[in-house]
Amino acid sequence: MGSQSNFQMKVVPGEFGYVLQDVPHLSDYISDLQTYPNPLRSNPAYSVVKQYFVDMDDSVPEKIVVHKDTPRGVHFRRAGPRQQVYFASDDVLACIVTCGGLCPGLNTVIREIVHSLDYMYGVTKVLGIDGGYRGFYSKNTINLTPKLVNDIHKRGGTILGTSRGGHDTMKIVDSIQDRGINQALLLAQVYIIGGDGTLNGAAVIYEEIRKRGLCVAVAGVPKTIDNDIPVIDRSFGFDTAVEEAQRAINAAHVEAQSAENGIGVVKLMGRYSGFIAMYATLASRDVDCCLIPESPFYLEGKGGLYEYIEKKLKDNGHMVIVVAEGAGQELLAAKNEEDASGNKLLQDVGLWISQRIKEHFAKQDKMSITLKYIDPTYMIRAIPSNASDNVYCTLLAQSAVHGAMAGYTGFTSGLVNGRHTYIPFNRITEKQNKVVITDRMWARLLSSTNQPSFLGSKCASAGNAGNTDASINATKNT
Ligand SMILES: Nc1ncnc2c1ncn2[C@@H]1O[C@H](COP(=O)(O)OP(=O)(O)OP(=O)(O)O)[C@@H](O)[C@H]1O
Ligand SMILES: O=P(O)(O)OC[C@H]1O[C@](O)(CO)[C@@H](O)[C@@H]1O
Ligand SMILES: [Mg+2]
């Protein structure tokens, strides 16, 4: 069997059901490219490492839980430095852009791309694109040097600025092409850091660059605080967000505990995926109920939220509810508004649920409650990344640089089963990663909070329907 190829992914079959979902390479569409020995060969820090360079045939399996007869399955190319590179350090121009919402660790990724390009590969022309995609054609650029970015990982946000909307493929590629105007051949690398929307944008930029036959490597670093990107183990900043969410949950717990029939409600980010809420709940152990978009719930009647709250207050005198921003949206009046990128704007479910609970207990006259609503959403994503995310961001950025220098393009770097890999754009953008409510992790949550599963009513079928969606990445949830 030969390999199959489209613009976005090269599928290379092997023995026993092995499939390599490989990323494109500049040599796929430009012939006679010159190669150079990797400068890391003479770098004293790395030359002592045995097998520092990645073997051309190294790949990483997408699924690691197998049975004895399971075919070897889908693999991704292992990330890391190659013996040969496709860019001469002095000739290459690199650009970095950050798009979409903020996420802890953005500055760490920017810093490490700049440092790796310079210290590992001697690339000194690095431009920061100001304010997301539209910055390519309507804003100034910033010259990024190792000195300028040295301390930025200690700050939240992105020093480059970010935005939603404003993606114009032709104008972006024109602007990249124009930067090579004084060179016989433009040699460039574009590093794009962002979520699903951004990476959809990166895929079309790569395709246009390829159509024009430009020697420009397009590398993505997946970013999403919601952890809703498929294939990868987790997204950077997620760990930090879960940790920071503990502070809000602690505050809600202290407030609830200190009042008679105290209820603390905490809203956390998670538009379509409830990972932050689920992990923050599992980490805290103070949460009595976690509501996520993937698990529809109801308020009234047997097995409903009100009944559970009454029981909890009777038994414990207080309770804490964590609600992901996308939970229960089907119960609220739809907003029918979008942000500049076309993402649906959501109603404030935290405020809504707090009001409903207050009204319920006021009506009942059975129990008087004290409810405090805490909304720490932007506090959670505006902070710098924690130590573990810092290391993770560093390795993601280094992988992206090694990949681009080796001539790969149209890829994102990403951790798969604990190994750094290069993943084709279409695998990252084809679906969203969601909590699977029939999976072990959600069962662990239900058993830790003792909350109702909300599956016993008419919304049970809606709940299951929500999760038959092809978007589910079951292997990553266990
Ligand atoms: N399908 C698409 N094609 C091209 N560009 C897109 C597409 N979707 C979104 N973009 C562009 O990508 C950028 C970021 O998109 P978006 O605001 O959806 O954030 P995101 O990358 O998904 O991150 P977040 O995790 O914050 O949602 C915007 O500039 C937007 O115009
Ligand atoms: O207010 P902004 O900047 O549009 O961002 C909010 C959205 O960004 C995210 O953090 C990431 O998509 C969502 O959880 C949230 O809905
Ligand atoms: Mg998005």
Side-chain angles (χ1 to χ4, degrees), residues 8 97-106 109 129-139 156-158 160-173 190 192-209 218 220-230 232 234-238 240-242 244-245 267-278 280 292-294 323-327 329 335 337-350 375-383 412 425-426 428-435 471:
Q8 292 218 8
V97 65
T98 51
C99 311
L102 293 184
C103 180
L106 281 165
V109 175
I129 306 297
D130 190 2
Y133 276 133
R134 62 168 64 95
F136 272 104
Y137 55 87
S138 68
K139 290 208 172 176
T158 156
L160 300 178
T162 183
S163 63
R164 298 195 188 272
H167 179 100
D168 184 326
T169 312
M170 294 304 155
K171 283 196 198 167
I172 292 168
V173 179
V190 183
I192 300 177
I193 311 163
D196 54 344
T198 305
L199 298 172
N200 269 305
V204 285
I205 291 172
Y206 149 72
E207 292 209 344
E208 182 57 27
I209 282 173
V218 180
V221 180
K223 170 242 56 152
T224 154
I225 200 165
D226 295 351
N227 198 32
D228 58 3
I229 294 182
I232 59 175
R234 67 168 202 282
S235 48
F236 74 78
F238 175 71
T240 308
V242 170
E244 188 64 10
K267 185 181 78 169
L268 297 174
M269 276 191 169
R271 220 195 301 245
Y272 304 113
S273 308
F275 288 104
I276 298 180
M278 177 169 78
I292 59 169
E294 295 89 335
V323 57
E325 64 175 325
Q329 289 295 318
K335 230 178 178 175
E337 283 173 56
E338 291 180 347
D339 68 15
S341 294
N343 300 304
K344 203 166 166 291
L345 289 179
L346 303 180
Q347 296 281 10
D348 188 337
V349 64
D375 178 354
T377 44
Y378 291 104
M379 294 177 67
I380 281 169
R381 73 175 199 185
I383 56 170
T412 70
F425 281 142
N426 60 340
I428 289 282
T429 55
E430 72 190 0
K431 58 190 178 183
Q432 263 174 338
N433 189 26
K434 296 199 183 199
V435 173
S471 65

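In listed order, ligands and their atoms are each counted from 1. These numbers were taken from a predicted model, which means no experiment stands behind them. Atoms considered below: every heavy atom in the structure, side chains included; atoms not considered: hydrogens, waters and symmetry mates.
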Shortest non-hydrogen contact from Gly270 to Pro293? O-CG, 3.9 Å
Specify whether an N/O/S atom of Asp226 falls short of 2.8 Å from the Mg ion (ligand 3). no
Quick one: does Gly165 get within less than 4.0 Å of ligand 1, heavy atoms only? yes
Hey, is the main chain of Phe425 close enough, under 3.5 Å, to the side chain of Gln8 for a donor-acceptor pair? no
In this structure, atom 1 (N) of ligand 1 is nearest to the protein heavy atom Asn200 CB, 3.5 Å
Could you check which N/O/S atom of Asp196 is closest to the Mg ion (ligand 3)? OD1
Go through the steps to decide whether Asp348 and Lys267 satisfy the test salt bridge (Lys or Arg N to Asp or Glu O under 4.0 Å), and finish with yes or no. CA-CA 9 Å; Asp348 188 337; Lys267 185 181 78 169; 3.4 Å; yes
Spatial distance of atom CD (Glu325) from atom CD1 (Ile276) [nearest 0.5 Å]: 8.0 Å
Is any N or O atom of Asp196, backbone or side chain, closer than 3.5 Å to an N or O atom of ligand 1? yes
Dump all N/O pairs between ligand 2 and the protein below 3.5 Å as a table: atom names plus distance, one pair per row.
unit_1   : atom_1 : unit_2 : atom_2 : d
ligand 2 : 1 (O)  : Tyr378 : OH     : 2.4
ligand 2 : 3 (O)  : Arg381 : NH2    : 2.7
ligand 2 : 4 (O)  : Arg164 : NE     : 3.0
ligand 2 : 4 (O)  : Arg164 : NH2    : 3.3
ligand 2 : 5 (O)  : Arg164 : NH2    : 3.0
ligand 2 : 5 (O)  : Arg381 : NH1    : 2.9
ligand 2 : 8 (O)  : Arg164 : NH2    : 3.1
ligand 2 : 8 (O)  : Arg381 : NH1    : 3.1
ligand 2 : 10 (O) : Arg381 : NH1    : 3.4
ligand 2 : 12 (O) : Arg271 : NH2    : 2.9
ligand 2 : 14 (O) : Asp226 : OD1    : 2.9
ligand 2 : 14 (O) : Asp226 : OD2    : 2.9
ligand 2 : 14 (O) : Glu325 : OE2    : 2.4
ligand 2 : 16 (O) : Glu325 : OE1    : 3.0
ligand 2 : 16 (O) : Glu325 : OE2    : 2.8

Please find the pair of heavy atoms, one from Ile428 and one from Leu199, that lie closest to each other, and give the distance. CG2-CD1, 3.5 Å
Would you mind finding which of Gly166, Gly197, Cys99 brings a heavy atom closest to atom 9 (C) of ligand 1? Gly197
Go through Val109 and Phe236 one step at a time and tell me if the side-chain contact (heavy atoms from CB on, under 4.5 Å) criterion holds. CA-CA 9 Å; Val109 175; Phe236 74 78; 3.9 Å; yes
For Pro104 and Ile380, work out which heavy atoms get closest and say how close. CG-O, 3.7 Å
Contact check: Gly101 vs ligand 1, nitrogen or oxygen atoms, below 3.5 angstrom: yes
Find the distance between CD1 (Ile192) and CD1 (Ile129) and round it off to the nearest 0.5 Å. 9.5 Å
Counting non-hydrogen protein atoms only, what is the nearest one to atom 30 (C) of ligand 1? Give residue, atom name and distance. Ser341 OG, 3.5 Å
Among all protein heavy atoms, pick the one closest to atom 18 (O) of ligand 1 and tell me residue, atom and distance. Asn343 ND2, 3.0 Å
Give the residue and atom name of whichever protein heavy atom lies nearest to atom 14 (C) of ligand 1, and the separation in Å to one decimal. Thr198 OG1, 3.3 Å
Please step through side-chain contact (heavy atoms from CB on, under 4.5 Å) for the pair Tyr272 and Lys434, ending with a clear verdict. CA-CA 7 Å; Tyr272 304 113; Lys434 296 199 183 199; 4.3 Å; yes
Within 4.0 Å of some non-hydrogen atom of Gly195, the atoms of ligand 1 are 20 (P), 21 (O), 22 (O), 23 (O)
Quick one: look up the protein heavy atom nearest atom 24 (P) of ligand 1 and list residue, atom name and how far away it is. Lys223 NZ, 3.5 Å
Closest approach of any protein heavy atom to atom 4 (C) of ligand 1, naming residue and atom: Gly201 CA, 3.4 Å
Does any N or O atom in Thr224 lie less than 3.5 angstrom from one in ligand 1, N or O only? no
Any donor-acceptor pair under 3.5 Å linking the side-chain atoms of Thr224 with those of Asp226? no
Using heavy-atom distances only, which candidate in Arg271, Arg134, Arg164, His167 approaches atom 5 (N) of ligand 1 most closely? His167
Which atom of Ser163 lies closest to which atom of Tyr133, heavy atoms considered: OG-N, 4.2 Å
Show the nearest heavy-atom pair for residues Gly194 and Ile229, with the distance to one decimal. O-CD1, 4.5 Å
Specify the closest pair of heavy atoms between Thr169 and His167, including all atoms of both residues, with the distance to one decimal. OG1-NE2, 3.0 Å
